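Please read these numbers as outputs of a predicted model, since none were measured by experiment.
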Amino acid sequence: MPVIKILPHAEYCPQGAEIEAPAGTSICEALLDNNVKIEHACDMSCACTTCHVVVKAGYNSLNEAEEEEEDLLDRAWGLQPQSRLSCQAILAREDVTIEIPKYSLNHAKENH
């Protein structure tokens, strides 16, 4: 199973973490399944940017971003070349390292 290394984030994962998830799982699902409460305001339907992550290692092992995701990413805070919506980034067999950006463009944060 691939490992997701999560770099420290003050709110969601203060100490950082390493979690395992089966190939074929989205990064967002893996985080939520392991009590990393990343925002996902659209319930993982690729309609917002609240689950935006920056993939620091293992980017090329993920599925290719579709046009809908790329269009949404243009609105994400802190966009970088290796940015992905974690709800759309599907794990393969390689480990990945991610950073959750400090801010999100969620205007109505909810408790998911």
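In this structure a side-chain-to-backbone donor-acceptor pair under 3.5 Å is present from Asn63 to Gln88.
The closest side-chain heavy-atom distance from Glu68 to Glu70 is not below 4.5 Å. Counting heavy atoms from C-beta on, the side chains of Leu7 and Ile98 never come closer than 4.5 Å.
When all heavy atoms of Pro81 and Tyr59 are compared, the closest pair comes out as O-OH, 4.0 Å. Closest non-hydrogen pair, Leu73 versus Leu79, comes out as O-CD1, 3.4 Å. Between Ala47 and Cys42, the shortest heavy-atom distance links the atoms N-SG, 3.4 Å. The shortest heavy-atom contact between Met44 and Cys28 is SD-SG, 3.6 Å. Closest approach of Gly78 to Val54, counting heavy atoms only: O-CG2, 4.5 Å. Counting all heavy atoms, side chain and backbone alike, Leu85 lies closest to Cys46 at CD1-SG, 4.1 Å.
Here the straight-line distance linking atom NE2 of His9 with atom NZ of Lys102 works out to 9.0 Å at 0.5 Å rounding. Rounding to the nearest 0.5 angstrom, the gap separating the CD1 atom in Ile19 from the CD1 atom in Ile4 is 4.5 Å. Atoms CG and SG, on Asp43 and Cys48 in that order, are 9.0 Å from each other to the nearest 0.5 Å. Put simply, NE2 on His40 and OG1 on Thr50 are 8.0 Å apart, with the number rounded to the nearest 0.5 Å. One distance of note links SG of Cys13 with CD1 of Ile6; it measures 4.5 Å at 0.5 Å rounding.
Under the 4.5 Å side-chain heavy-atom criterion for Ile, Leu, Val, Met, Phe, Trp and Tyr, Val3 and Leu91 are members of distinct hydrophobic clusters. Linking ILVMFWY residues whenever their side-chain heavy atoms come closer than 4.5 Å, directly or via other members, leaves Leu72 and Val55 in distinct clusters.
For residues 78-100, every residue pair satisfying the salt bridge (charged side-chain N to carboxylate O under 4.0 Å, His left out) rule, not counting sequence neighbours, is listed here: Lys56-Glu99, Glu69-Arg84. For residues 19-30, every residue pair satisfying the side chain to side chain donor-acceptor pair (under 3.5 Å) rule, not counting sequence neighbours, is listed here: Ser26-Glu29.
Residues satisfying the side chain to side chain contact (heavy atoms under 4.5 Å, CB included) test with Asp71, not counting sequence neighbours, are Glu67.
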- Item | Stepwise side chain to side chain contact (heavy atoms under 4.5 Å, CB included) check, Val53 with Ile38 | CA-CA 10 Å; Val53 297; Ile38 189 167; 3.8 Å; yes
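Remark: the Ser86 side chain and the His52 side chain contain no N/O donor-acceptor pair separated by less than 3.5 Å.
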